[in-house]
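See below for the structure under consideration.
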Number of protein chains: 2
Amino acid sequence: MSLDIQLPPRERLLQAAVELLANSDGAPVSTRKITELAGVTAPTLYHHFGDKEGLFDAVVAVGFEQYVASEMDLEPTGKPLDDVRRMWDQHVRFGIEKPHLYLVMFGKVRPGNRSNRVSEAEALLRGKLDRAAEAGHLNVPPADAVRSIMAANIGVTLMLISEPEKERNFELSDMTRDAVITAVSSEAGIADSATPVGASAVVVAAIALNAALESSNPQQLSNTEMKMFLEWLHRISKTT
Amino acid sequence: MSLDIQLPPRERLLQAAVELLANSDGAPVSTRKITELAGVTAPTLYHHFGDKEGLFDAVVAVGFEQYVASEMDLEPTGKPLDDVRRMWDQHVRFGIEKPHLYLVMFGKVRPGNRSNRVSEAEALLRGKLDRAAEAGHLNVPPADAVRSIMAANIGVTLMLISEPEKERNFELSDMTRDAVITAVSSEAGIADSATPVGASAVVVAAIALNAALESSNPQQLSNTEMKMFLEWLHRISKTT
DNA sequence: TAGCACCTATAGCATTGCTATATGAAGGGG
DNA sequence: CCCCTTCATATAGCAATGCTATAGGTGCTA
(Lines give C-alpha, C1' and ligand atoms only; values in the text may rest on other atoms or scores of the structure.)
Protein backbone atom coordinates (compact mmCIF):
# COMPACT_ATOMS: atom_id res chain seq x y z
CA MET A 1 0.00 0.00 0.00
CA SER A 2 2.98 2.30 -0.14
CA LEU A 3 4.46 4.11 -3.08
CA ASP A 4 7.02 1.78 -4.61
CA ILE A 5 9.14 4.34 -6.36
CA GLN A 6 11.85 5.45 -4.00
CA LEU A 7 11.79 9.20 -3.96
CA PRO A 8 12.87 11.49 -1.19
CA PRO A 9 10.26 11.46 1.55
CA ARG A 10 9.22 15.00 0.88
CA GLU A 11 8.24 14.18 -2.68
CA ARG A 12 6.56 10.97 -1.59
CA LEU A 13 4.43 12.92 0.83
CA LEU A 14 3.41 15.37 -1.83
CA GLN A 15 2.58 12.59 -4.23
CA ALA A 16 0.58 10.70 -1.63
CA ALA A 17 -1.34 13.83 -0.72
CA VAL A 18 -2.17 14.51 -4.35
CA GLU A 19 -3.30 10.95 -4.90
CA LEU A 20 -5.47 10.75 -1.81
CA LEU A 21 -6.91 14.18 -2.45
CA ALA A 22 -7.88 13.16 -5.95
CA ASN A 23 -9.46 9.86 -4.95
CA SER A 24 -11.34 10.78 -1.80
CA ASP A 25 -14.33 12.63 -3.13
CA GLY A 26 -14.05 15.90 -1.30
CA ALA A 27 -13.92 14.08 2.02
CA PRO A 28 -11.16 15.27 4.32
CA VAL A 29 -7.86 13.46 3.94
CA SER A 30 -6.11 12.48 7.17
CA THR A 31 -2.43 12.97 7.74
CA ARG A 32 -2.23 9.36 8.84
CA LYS A 33 -3.45 8.06 5.52
CA ILE A 34 -0.98 10.31 3.79
CA THR A 35 2.02 9.28 5.84
CA GLU A 36 1.00 5.65 5.60
CA LEU A 37 0.76 5.81 1.81
CA ALA A 38 4.06 7.64 1.66
CA GLY A 39 5.66 5.01 3.89
CA VAL A 40 6.68 7.63 6.38
CA THR A 41 5.81 8.55 9.93
CA ALA A 42 4.07 11.60 11.22
CA PRO A 43 7.00 13.72 12.39
CA THR A 44 8.52 13.52 8.92
CA LEU A 45 5.49 15.27 7.56
CA TYR A 46 5.65 17.99 10.16
CA HIS A 47 9.36 18.35 9.78
CA HIS A 48 9.02 19.14 6.10
CA PHE A 49 5.74 21.00 5.98
CA GLY A 50 5.19 22.16 9.53
CA ASP A 51 1.51 21.69 9.21
CA LYS A 52 -1.22 19.82 7.46
CA GLU A 53 -2.17 23.08 5.84
CA GLY A 54 1.47 23.54 4.91
CA LEU A 55 1.42 20.26 3.07
CA PHE A 56 -1.74 21.17 1.21
CA ASP A 57 -0.32 24.58 0.46
CA ALA A 58 2.61 22.84 -1.15
CA VAL A 59 0.26 20.66 -3.13
CA VAL A 60 -1.66 23.70 -4.22
CA ALA A 61 1.57 25.47 -5.10
CA VAL A 62 2.49 22.64 -7.41
CA GLY A 63 -0.97 22.71 -8.92
CA PHE A 64 -0.73 26.41 -9.33
CA GLU A 65 2.53 26.13 -11.16
CA GLN A 66 0.80 23.80 -13.56
CA TYR A 67 -2.03 26.29 -13.84
CA VAL A 68 0.23 29.20 -14.59
CA ALA A 69 2.23 27.11 -17.00
CA SER A 70 -0.89 26.10 -18.85
CA GLU A 71 -2.01 29.70 -19.05
CA MET A 72 1.42 30.79 -20.22
CA ASP A 73 1.50 28.08 -22.83
CA LEU A 74 -1.07 29.96 -24.82
CA GLU A 75 0.64 32.04 -27.45
CA PRO A 76 -0.62 35.59 -27.64
CA THR A 77 -2.93 36.03 -30.60
CA GLY A 78 -2.27 39.71 -30.87
CA LYS A 79 -5.83 40.44 -29.84
CA PRO A 80 -5.74 40.77 -26.05
CA LEU A 81 -9.43 40.04 -25.65
CA ASP A 82 -9.08 36.84 -27.61
CA ASP A 83 -6.27 35.94 -25.27
CA VAL A 84 -8.61 36.58 -22.38
CA ARG A 85 -11.14 34.21 -23.91
CA ARG A 86 -8.54 31.52 -24.23
CA MET A 87 -7.43 32.05 -20.67
CA TRP A 88 -11.02 31.65 -19.57
CA ASP A 89 -11.28 28.37 -21.44
CA GLN A 90 -7.99 27.20 -20.00
CA HIS A 91 -9.20 28.05 -16.52
CA VAL A 92 -12.35 26.01 -16.98
CA ARG A 93 -10.41 23.12 -18.46
CA PHE A 94 -8.04 23.11 -15.52
CA GLY A 95 -10.97 23.00 -13.10
CA ILE A 96 -12.65 20.14 -14.93
CA GLU A 97 -9.50 18.09 -15.26
CA LYS A 98 -8.36 18.49 -11.66
CA PRO A 99 -11.52 19.29 -9.77
CA HIS A 100 -10.20 18.54 -6.30
CA LEU A 101 -7.10 20.58 -6.81
CA TYR A 102 -9.21 23.35 -8.26
CA LEU A 103 -11.57 23.30 -5.33
CA VAL A 104 -8.72 23.71 -2.92
CA MET A 105 -7.26 26.49 -5.02
CA PHE A 106 -10.38 28.49 -5.85
CA GLY A 107 -13.22 26.98 -3.88
CA LYS A 108 -12.13 27.66 -0.33
CA VAL A 109 -13.59 31.07 0.31
CA ARG A 110 -13.24 32.73 3.66
CA PRO A 111 -14.95 36.00 4.53
CA GLY A 112 -12.79 39.05 4.07
CA ASN A 113 -9.77 36.91 3.52
CA ARG A 114 -9.09 36.24 -0.11
CA SER A 115 -6.66 33.56 -1.11
CA ASN A 116 -3.58 34.87 -2.82
CA ARG A 117 -3.93 32.12 -5.39
CA VAL A 118 -6.96 33.88 -6.73
CA SER A 119 -5.07 37.13 -6.75
CA GLU A 120 -2.24 35.55 -8.70
CA ALA A 121 -4.66 34.14 -11.22
CA GLU A 122 -6.19 37.57 -11.50
CA ALA A 123 -2.81 39.05 -12.17
CA LEU A 124 -2.41 36.81 -15.21
CA LEU A 125 -5.65 38.08 -16.64
CA ARG A 126 -4.80 41.60 -15.65
CA GLY A 127 -1.82 41.64 -17.95
CA LYS A 128 -3.96 40.93 -20.98
CA LEU A 129 -6.64 43.35 -19.94
CA ASP A 130 -4.15 46.14 -19.49
CA ARG A 131 -3.05 45.61 -23.04
CA ALA A 132 -6.66 45.56 -24.15
CA ALA A 133 -7.23 48.82 -22.36
CA GLU A 134 -4.19 50.39 -24.00
CA ALA A 135 -5.60 49.38 -27.34
CA GLY A 136 -8.89 51.03 -26.44
CA HIS A 137 -10.80 47.80 -26.39
CA LEU A 138 -12.03 48.21 -22.86
CA ASN A 139 -15.14 49.83 -21.64
CA VAL A 140 -14.26 49.87 -17.96
CA PRO A 141 -11.07 50.07 -15.93
CA PRO A 142 -9.05 46.86 -16.27
CA ALA A 143 -9.24 46.35 -12.52
CA ASP A 144 -13.01 46.14 -12.72
CA ALA A 145 -12.97 43.99 -15.81
CA VAL A 146 -10.63 41.51 -14.21
CA ARG A 147 -12.81 41.02 -11.19
CA SER A 148 -15.97 40.58 -13.17
CA ILE A 149 -14.41 38.09 -15.52
CA MET A 150 -12.67 36.21 -12.74
CA ALA A 151 -15.79 36.00 -10.62
CA ALA A 152 -17.83 34.66 -13.49
CA ASN A 153 -15.07 32.31 -14.56
CA ILE A 154 -14.82 30.79 -11.12
CA GLY A 155 -18.58 30.65 -10.73
CA VAL A 156 -18.99 28.82 -14.01
CA THR A 157 -16.18 26.41 -13.27
CA LEU A 158 -17.56 25.61 -9.84
CA MET A 159 -20.97 24.96 -11.35
CA LEU A 160 -19.56 22.71 -14.04
CA ILE A 161 -17.59 20.78 -11.45
CA SER A 162 -20.65 20.36 -9.28
CA GLU A 163 -22.66 18.90 -12.14
CA PRO A 164 -22.58 15.19 -12.94
CA GLU A 165 -20.04 14.61 -15.67
CA LYS A 166 -22.60 13.41 -18.16
CA GLU A 167 -24.79 16.47 -17.79
CA ARG A 168 -22.06 19.00 -18.25
CA ASN A 169 -22.99 21.56 -20.80
CA PHE A 170 -19.98 23.58 -21.80
CA GLU A 171 -22.08 26.03 -23.67
CA LEU A 172 -22.69 27.52 -20.26
CA SER A 173 -19.05 28.45 -20.20
CA ASP A 174 -18.94 29.92 -23.70
CA MET A 175 -22.13 31.85 -23.18
CA THR A 176 -21.14 33.36 -19.88
CA ARG A 177 -17.62 34.04 -21.06
CA ASP A 178 -18.77 36.02 -24.05
CA ALA A 179 -21.35 37.80 -21.94
CA VAL A 180 -18.91 39.22 -19.43
CA ILE A 181 -16.14 39.89 -21.91
CA THR A 182 -18.50 41.64 -24.24
CA ALA A 183 -19.82 43.71 -21.38
CA VAL A 184 -16.40 45.07 -20.46
CA SER A 185 -15.21 45.48 -24.01
CA SER A 186 -16.00 48.16 -26.48
CA GLU A 187 -16.07 45.54 -29.20
CA ALA A 188 -19.65 44.66 -28.32
CA GLY A 189 -21.06 41.28 -29.20
CA ILE A 190 -21.47 42.05 -32.86
CA ALA A 191 -17.74 42.06 -33.34
CA ASP A 192 -17.82 38.38 -32.66
CA SER A 193 -16.46 36.43 -35.54
CA ALA A 194 -19.61 34.37 -35.32
CA THR A 195 -21.72 37.25 -36.55
CA PRO A 196 -22.47 37.91 -40.19
CA VAL A 197 -20.48 39.94 -42.64
CA GLY A 198 -18.83 43.28 -42.39
CA ALA A 199 -20.37 46.13 -44.26
CA SER A 200 -24.00 45.69 -43.39
CA ALA A 201 -23.22 45.40 -39.69
CA VAL A 202 -21.44 48.74 -39.88
CA VAL A 203 -24.36 50.34 -41.61
CA VAL A 204 -26.90 48.97 -39.20
CA ALA A 205 -24.86 50.07 -36.23
CA ALA A 206 -24.27 53.48 -37.68
CA ILE A 207 -27.96 53.99 -38.28
CA ALA A 208 -28.75 52.88 -34.79
CA LEU A 209 -26.23 55.26 -33.33
CA ASN A 210 -27.57 58.06 -35.42
CA ALA A 211 -31.05 57.42 -34.16
CA ALA A 212 -29.89 57.23 -30.59
CA LEU A 213 -27.98 60.48 -30.88
CA GLU A 214 -31.07 62.25 -32.11
CA SER A 215 -32.93 61.56 -28.93
CA SER A 216 -30.13 62.56 -26.60
CA ASN A 217 -27.02 64.57 -27.22
CA PRO A 218 -24.09 63.41 -25.13
CA GLN A 219 -21.78 66.04 -23.70
CA GLN A 220 -18.62 64.16 -24.49
CA LEU A 221 -18.24 66.05 -27.74
CA SER A 222 -18.31 69.75 -28.40
CA ASN A 223 -20.83 71.16 -30.83
CA THR A 224 -18.40 71.36 -33.70
CA GLU A 225 -17.07 67.91 -32.98
CA MET A 226 -20.57 66.57 -32.88
CA LYS A 227 -21.45 68.18 -36.15
CA MET A 228 -18.51 66.60 -37.86
CA PHE A 229 -19.14 63.31 -36.17
CA LEU A 230 -22.70 63.24 -37.43
CA GLU A 231 -21.53 64.08 -40.90
CA TRP A 232 -19.13 61.15 -40.91
CA LEU A 233 -21.72 58.93 -39.41
CA HIS A 234 -24.04 59.89 -42.19
CA ARG A 235 -21.43 59.02 -44.73
CA ILE A 236 -20.85 55.65 -43.21
CA SER A 237 -24.55 54.91 -43.10
CA LYS A 238 -24.81 55.44 -46.81
CA THR A 239 -22.31 52.74 -47.61
CA THR A 240 -23.43 49.86 -49.69
CA MET B 1 -21.65 30.64 28.59
CA SER B 2 -24.92 28.91 27.83
CA LEU B 3 -27.96 30.30 26.12
CA ASP B 4 -30.15 31.78 28.84
CA ILE B 5 -33.43 31.61 27.06
CA GLN B 6 -35.05 28.30 27.80
CA LEU B 7 -36.05 26.81 24.52
CA PRO B 8 -36.45 23.18 23.64
CA PRO B 9 -33.03 21.60 23.28
CA ARG B 10 -33.44 21.12 19.58
CA GLU B 11 -33.90 24.84 19.03
CA ARG B 12 -31.08 25.67 21.41
CA LEU B 13 -28.76 23.45 19.42
CA LEU B 14 -29.75 25.12 16.19
CA GLN B 15 -29.29 28.55 17.70
CA ALA B 16 -25.92 27.64 19.15
CA ALA B 17 -24.78 26.22 15.85
CA VAL B 18 -25.82 29.36 14.03
CA GLU B 19 -24.07 31.59 16.52
CA LEU B 20 -20.83 29.64 16.55
CA LEU B 21 -20.85 29.31 12.79
CA ALA B 22 -21.25 33.04 12.43
CA ASN B 23 -18.50 33.92 14.89
CA SER B 24 -15.83 31.39 14.06
CA ASP B 25 -14.32 32.74 10.90
CA GLY B 26 -14.68 29.81 8.63
CA ALA B 27 -12.86 27.59 11.10
CA PRO B 28 -14.59 24.28 11.75
CA VAL B 29 -17.08 24.30 14.61
CA SER B 30 -16.89 21.36 17.00
CA THR B 31 -19.94 19.55 18.25
CA ARG B 32 -18.59 19.95 21.76
CA LYS B 33 -18.63 23.71 21.55
CA ILE B 34 -22.13 23.58 20.20
CA THR B 35 -23.52 21.27 22.85
CA GLU B 36 -21.71 23.22 25.53
CA LEU B 37 -23.18 26.52 24.36
CA ALA B 38 -26.60 24.92 24.08
CA GLY B 39 -26.25 23.52 27.60
CA VAL B 40 -26.79 20.02 26.36
CA THR B 41 -24.75 16.84 26.07
CA ALA B 42 -23.58 15.07 22.98
CA PRO B 43 -26.19 12.33 22.61
CA THR B 44 -28.94 14.94 22.55
CA LEU B 45 -27.43 16.37 19.43
CA TYR B 46 -27.20 13.01 17.75
CA HIS B 47 -30.66 12.05 18.85
CA HIS B 48 -32.17 15.06 17.13
CA PHE B 49 -29.95 15.43 14.11
CA GLY B 50 -28.31 12.06 13.73
CA ASP B 51 -25.14 13.62 12.60
CA LYS B 52 -23.04 16.72 12.68
CA GLU B 53 -23.87 17.13 9.04
CA GLY B 54 -27.51 16.67 9.92
CA LEU B 55 -27.32 19.57 12.31
CA PHE B 56 -25.67 21.78 9.75
CA ASP B 57 -28.19 20.68 7.16
CA ALA B 58 -30.89 21.87 9.52
CA VAL B 59 -29.09 25.17 9.95
CA VAL B 60 -28.81 25.50 6.22
CA ALA B 61 -32.47 24.62 5.82
CA VAL B 62 -33.41 27.45 8.15
CA GLY B 63 -31.12 29.79 6.28
CA PHE B 64 -32.56 28.67 3.04
CA GLU B 65 -36.06 29.38 4.22
CA GLN B 66 -34.93 32.90 4.97
CA TYR B 67 -33.34 33.06 1.54
CA VAL B 68 -36.46 31.92 -0.25
CA ALA B 69 -38.60 34.21 1.87
CA SER B 70 -36.42 37.18 1.02
CA GLU B 71 -36.61 36.31 -2.66
CA MET B 72 -40.35 35.87 -2.48
CA ASP B 73 -40.76 39.16 -0.69
CA LEU B 74 -39.95 40.96 -3.91
CA GLU B 75 -43.14 41.92 -5.61
CA PRO B 76 -43.21 41.09 -9.30
CA THR B 77 -42.63 44.18 -11.38
CA GLY B 78 -44.41 42.78 -14.38
CA LYS B 79 -41.15 42.68 -16.26
CA PRO B 80 -39.69 39.24 -15.62
CA LEU B 81 -36.13 40.27 -16.45
CA ASP B 82 -36.33 43.12 -13.97
CA ASP B 83 -37.46 40.59 -11.43
CA VAL B 84 -34.42 38.53 -12.28
CA ARG B 85 -32.20 41.55 -11.64
CA ARG B 86 -33.78 42.09 -8.26
CA MET B 87 -33.36 38.45 -7.40
CA TRP B 88 -29.71 38.71 -8.31
CA ASP B 89 -29.29 41.70 -6.02
CA GLN B 90 -31.16 39.93 -3.26
CA HIS B 91 -28.90 36.93 -3.66
CA VAL B 92 -25.79 39.05 -3.33
CA ARG B 93 -27.23 40.90 -0.34
CA PHE B 94 -28.00 37.63 1.39
CA GLY B 95 -24.45 36.44 0.84
CA ILE B 96 -22.94 39.63 2.18
CA GLU B 97 -25.17 39.77 5.22
CA LYS B 98 -24.74 36.14 6.24
CA PRO B 99 -21.46 35.13 4.68
CA HIS B 100 -20.89 32.00 6.73
CA LEU B 101 -24.35 30.72 6.12
CA TYR B 102 -23.99 31.56 2.47
CA LEU B 103 -20.71 29.71 2.22
CA VAL B 104 -22.26 26.59 3.66
CA MET B 105 -25.23 26.93 1.33
CA PHE B 106 -23.52 27.80 -1.92
CA GLY B 107 -19.80 27.48 -1.32
CA LYS B 108 -19.46 23.80 -0.56
CA VAL B 109 -18.93 22.34 -3.97
CA ARG B 110 -18.31 18.65 -4.46
CA PRO B 111 -17.44 17.14 -7.81
CA GLY B 112 -20.39 15.72 -9.69
CA ASN B 113 -22.57 16.12 -6.67
CA ARG B 114 -24.49 19.34 -6.68
CA SER B 115 -26.32 20.44 -3.59
CA ASN B 116 -30.05 20.48 -3.99
CA ARG B 117 -30.12 23.84 -2.26
CA VAL B 118 -28.52 25.35 -5.28
CA SER B 119 -31.04 23.59 -7.46
CA GLU B 120 -33.86 25.07 -5.40
CA ALA B 121 -32.40 28.53 -5.75
CA GLU B 122 -32.19 27.93 -9.46
CA ALA B 123 -35.83 26.95 -9.52
CA LEU B 124 -36.78 30.36 -8.14
CA LEU B 125 -34.95 32.06 -10.96
CA ARG B 126 -36.31 29.56 -13.42
CA GLY B 127 -39.84 30.68 -12.75
CA LYS B 128 -39.09 34.23 -13.78
CA LEU B 129 -37.07 33.18 -16.77
CA ASP B 130 -39.84 30.94 -18.02
CA ARG B 131 -42.14 33.93 -17.98
CA ALA B 132 -39.52 35.98 -19.75
CA ALA B 133 -39.24 33.29 -22.38
CA GLU B 134 -43.01 33.21 -22.84
CA ALA B 135 -42.94 36.93 -23.42
CA GLY B 136 -40.28 36.43 -26.04
CA HIS B 137 -37.63 38.25 -24.06
CA LEU B 138 -35.18 35.38 -24.04
CA ASN B 139 -32.46 34.61 -26.46
CA VAL B 140 -31.63 31.15 -25.19
CA PRO B 141 -33.55 28.34 -23.50
CA PRO B 142 -34.48 29.31 -19.94
CA ALA B 143 -32.58 26.31 -18.63
CA ASP B 144 -29.37 27.68 -20.09
CA ALA B 145 -30.08 31.20 -18.97
CA VAL B 146 -30.68 30.07 -15.42
CA ARG B 147 -27.38 28.30 -15.17
CA SER B 148 -25.38 31.12 -16.61
CA ILE B 149 -26.98 33.69 -14.36
CA MET B 150 -26.75 31.49 -11.30
CA ALA B 151 -23.10 30.62 -11.90
CA ALA B 152 -22.18 34.26 -12.32
CA ASN B 153 -24.31 35.29 -9.37
CA ILE B 154 -22.61 32.81 -7.08
CA GLY B 155 -19.19 33.64 -8.46
CA VAL B 156 -19.68 37.33 -7.85
CA THR B 157 -21.06 36.80 -4.37
CA LEU B 158 -18.19 34.54 -3.42
CA MET B 159 -15.73 37.10 -4.66
CA LEU B 160 -17.40 39.91 -2.77
CA ILE B 161 -17.42 37.83 0.39
CA SER B 162 -13.76 37.00 0.00
CA GLU B 163 -12.83 40.65 -0.27
CA PRO B 164 -12.14 42.77 2.79
CA GLU B 165 -15.32 44.63 3.70
CA LYS B 166 -13.82 48.01 3.08
CA GLU B 167 -12.70 47.17 -0.43
CA ARG B 168 -15.97 45.78 -1.61
CA ASN B 169 -17.01 47.27 -4.88
CA PHE B 170 -20.59 46.46 -5.63
CA GLU B 171 -20.31 47.75 -9.12
CA LEU B 172 -18.79 44.39 -9.83
CA SER B 173 -22.15 42.89 -9.09
CA ASP B 174 -24.17 45.34 -11.20
CA MET B 175 -21.79 45.08 -14.09
CA THR B 176 -21.69 41.31 -14.18
CA ARG B 177 -25.40 41.04 -13.57
CA ASP B 178 -26.27 43.21 -16.53
CA ALA B 179 -23.69 41.44 -18.64
CA VAL B 180 -25.16 37.98 -18.24
CA ILE B 181 -28.78 39.07 -18.29
CA THR B 182 -28.28 41.15 -21.39
CA ALA B 183 -26.54 38.23 -23.03
CA VAL B 184 -29.48 35.88 -22.59
CA SER B 185 -32.14 38.42 -23.38
CA SER B 186 -33.37 39.46 -26.79
CA GLU B 187 -34.01 42.95 -25.51
CA ALA B 188 -30.42 43.65 -26.45
CA GLY B 189 -29.96 45.95 -23.52
CA ILE B 190 -31.18 49.02 -25.36
CA ALA B 191 -34.86 48.56 -24.69
CA ASP B 192 -34.05 47.48 -21.19
CA SER B 193 -35.88 49.50 -18.64
CA ALA B 194 -33.18 48.81 -16.09
CA THR B 195 -30.55 50.47 -18.20
CA PRO B 196 -31.15 54.09 -17.33
CA VAL B 197 -32.25 56.78 -19.72
CA GLY B 198 -31.51 57.77 -23.26
CA ALA B 199 -27.79 58.14 -22.93
CA SER B 200 -27.17 54.43 -22.60
CA ALA B 201 -28.88 53.75 -25.90
CA VAL B 202 -26.27 55.97 -27.44
CA VAL B 203 -23.56 54.11 -25.64
CA VAL B 204 -24.78 50.74 -26.76
CA ALA B 205 -25.15 51.88 -30.32
CA ALA B 206 -21.73 53.46 -30.24
CA ILE B 207 -20.19 50.28 -28.93
CA ALA B 208 -21.91 48.30 -31.62
CA LEU B 209 -20.65 50.60 -34.30
CA ASN B 210 -17.17 50.50 -32.91
CA ALA B 211 -17.31 46.74 -33.04
CA ALA B 212 -18.61 46.67 -36.58
CA LEU B 213 -15.91 49.05 -37.69
CA GLU B 214 -13.19 46.88 -36.31
CA SER B 215 -14.14 43.96 -38.46
CA SER B 216 -14.47 46.00 -41.61
CA ASN B 217 -13.08 49.39 -42.38
CA PRO B 218 -15.28 51.34 -44.74
CA GLN B 219 -13.60 53.52 -47.32
CA GLN B 220 -15.91 56.47 -46.80
CA LEU B 221 -13.50 58.01 -44.36
CA SER B 222 -9.84 58.70 -44.75
CA ASN B 223 -7.40 57.21 -42.30
CA THR B 224 -7.09 60.37 -40.27
CA GLU B 225 -10.81 60.89 -40.29
CA MET B 226 -11.34 57.36 -39.16
CA LYS B 227 -8.83 57.74 -36.40
CA MET B 228 -10.58 60.80 -35.06
CA PHE B 229 -13.96 59.25 -35.56
CA LEU B 230 -12.95 56.25 -33.51
CA GLU B 231 -11.56 58.49 -30.82
CA TRP B 232 -14.87 60.30 -30.51
CA LEU B 233 -16.75 57.07 -30.66
CA HIS B 234 -14.66 55.86 -27.82
CA ARG B 235 -15.41 58.95 -25.82
CA ILE B 236 -19.13 58.54 -26.37
CA SER B 237 -18.98 54.89 -25.36
CA LYS B 238 -17.53 55.84 -22.04
CA THR B 239 -20.63 57.67 -20.93
CA THR B 240 -22.16 56.52 -17.70
C1' DT C 1 -49.52 2.14 39.68
C1' DA C 2 -47.58 0.10 35.58
C1' DG C 3 -46.14 0.42 31.14
C1' DC C 4 -44.50 2.86 27.31
C1' DA C 5 -42.43 6.15 24.27
C1' DC C 6 -39.60 9.88 24.22
C1' DC C 7 -35.73 12.49 25.49
C1' DT C 8 -31.33 13.15 27.91
C1' DA C 9 -26.89 12.02 30.56
C1' DT C 10 -22.56 9.13 31.90
C1' DA C 11 -18.75 7.35 30.13
C1' DG C 12 -15.92 5.88 26.69
C1' DC C 13 -14.16 4.45 21.87
C1' DA C 14 -11.65 5.37 17.54
C1' DT C 15 -9.71 8.85 14.79
C1' DT C 16 -8.02 13.23 14.14
C1' DG C 17 -3.85 16.82 14.01
C1' DC C 18 0.19 17.46 16.29
C1' DT C 19 4.54 17.08 19.39
C1' DA C 20 8.29 16.04 23.14
C1' DT C 21 11.82 13.23 22.88
C1' DA C 22 15.04 10.08 21.12
C1' DT C 23 17.57 7.67 17.40
C1' DG C 24 20.00 7.30 13.27
C1' DA C 25 23.00 8.91 9.37
C1' DA C 26 26.28 12.17 7.10
C1' DG C 27 29.94 15.07 7.18
C1' DG C 28 34.00 17.90 9.00
C1' DG C 29 37.86 19.05 12.25
C1' DG C 30 40.99 17.39 15.61
C1' DC D 1 39.95 7.25 14.22
C1' DC D 2 36.81 9.79 17.24
C1' DC D 3 33.77 13.40 18.50
C1' DC D 4 30.63 16.87 17.46
C1' DT D 5 27.18 19.16 14.85
C1' DT D 6 23.28 18.95 11.75
C1' DC D 7 19.78 17.13 9.40
C1' DA D 8 16.15 13.56 8.87
C1' DT D 9 13.31 10.00 10.64
C1' DA D 10 11.06 7.08 14.32
C1' DT D 11 8.70 5.87 19.09
C1' DA D 12 5.18 6.96 21.84
C1' DG D 13 1.73 9.69 23.38
C1' DC D 14 -1.38 14.01 24.18
C1' DA D 15 -5.58 16.74 23.53
C1' DA D 16 -9.45 17.40 20.69
C1' DT D 17 -12.53 15.60 17.49
C1' DG D 18 -17.09 12.95 15.89
C1' DC D 19 -19.80 9.53 17.54
C1' DT D 20 -22.14 5.72 20.44
C1' DA D 21 -23.47 1.75 23.85
C1' DT D 22 -25.85 1.92 27.70
C1' DA D 23 -28.56 3.57 31.29
C1' DG D 24 -31.47 6.94 33.55
C1' DG D 25 -35.12 10.14 34.00
C1' DT D 26 -39.74 12.36 32.35
C1' DG D 27 -44.21 12.64 30.97
C1' DC D 28 -48.14 10.51 29.13
C1' DT D 29 -52.13 6.80 28.77
C1' DA D 30 -54.36 2.86 30.83
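Residue numbering restarts at 1 for every chain, and letters A, B, ... go by the order of the sequence lines.
Under the 4.5 Å side-chain criterion, counting only non-hydrogen atoms from C-beta, Val84(B) is not in contact with Arg177(B). Contact annotation: the side chain of Leu81(A) approaches that of Leu129(A) to within less than 4.5 Å [non-hydrogen atoms, C-beta and beyond].
Of the possible polar contacts, none joining the Lys128(B) side chain to the Asp82(B) backbone as a donor-acceptor pair under 3.5 Å is found. Checking side-chain atoms of Arg110(B) against main-chain N and O of Ala27(A) turns up no donor-acceptor pair under 3.5 Å. In this structure, Thr77(B) contributes its side chain and Lys79(B) its backbone to a donor-acceptor pair below 3.5 Å.
Here the closest non-hydrogen pair linking Val92(A) and Asn153(A) is CG2-OD1, 3.6 Å.
Rounded to whole angstrom, the span from the CG atom of Leu55(A) across to the C1' atom of dT16(C) amounts to 15 Å. As a whole-Å value, the separation of Leu45(A) CG from dT11(D) C1' is 17 Å. In this entry the distance linking CZ of Phe49(B) with C1' of dC19(D) reads 16 Å, nearest Å. Between Glu53(A) atom CD and dT16(C) atom C1' there is a gap of 16 Å when expressed in whole angstrom units.
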What protein N or O atoms touch nucleotides 8-10 of chain C N or O atoms at under 3.5 angstrom, if any, and at what distances?
from: dT8(C); atom 1: OP2; to: His48(B); atom 2: NE2; distance (Å): 2.5
from: dA9(C); atom 1: OP2; to: Thr41(B); atom 2: N; distance (Å): 3.1
from: dA9(C); atom 1: OP2; to: Thr41(B); atom 2: OG1; distance (Å): 2.7
from: dA9(C); atom 1: OP2; to: Thr44(B); atom 2: OG1; distance (Å): 3.1
from: dA9(C); atom 1: O5'; to: Thr41(B); atom 2: OG1; distance (Å): 3.4

Listing time: all N or O pairs from protein to nucleotides 23-26 of chain C that are below 3.5 Å?
none

I'd like a table of atom pairs between the protein and nucleotides 16-18 of chain D - only N or O on both sides, under 3.5 Å - with the distance next to each one.
from: dT17(D); atom 1: OP1; to: Ser30(B); atom 2: OG; distance (Å): 3.4
from: dG18(D); atom 1: OP1; to: Val29(B); atom 2: O; distance (Å): 3.4
from: dG18(D); atom 1: OP1; to: Thr31(B); atom 2: N; distance (Å): 3.3
from: dG18(D); atom 1: OP1; to: Lys52(B); atom 2: NZ; distance (Å): 2.6
from: dG18(D); atom 1: OP2; to: Thr31(B); atom 2: N; distance (Å): 2.7
from: dG18(D); atom 1: OP2; to: Thr31(B); atom 2: OG1; distance (Å): 2.7
from: dG18(D); atom 1: N7; to: Arg32(B); atom 2: NH1; distance (Å): 2.8
from: dG18(D); atom 1: O6; to: Arg32(B); atom 2: NH2; distance (Å): 3.3

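A donor-acceptor contact under 3.5 angstrom links the side chains of Gln90(A) and Arg93(A), judged on distance only.
Pairs of residues two or more places apart, or lying in two chains, never qualify as salt bridge (Lys or Arg N to Asp or Glu O under 4.0 Å) while including a residue from residues 136-146 of chain B. The ring-ring contact (aromatic ring centres under 6.0 Å, His included) analysis of residues 73-104 of chain B, with sequence neighbours excluded, yields the pairs Tyr67(B)-His91(B), Tyr67(B)-Phe94(B), His91(B)-Tyr102(B), His91(B)-Phe106(B), Tyr102(B)-Phe106(B).
For Lys108(A), there are no side chain to side chain donor-acceptor pair (under 3.5 Å) partners two or more places apart in sequence or in a different chain.
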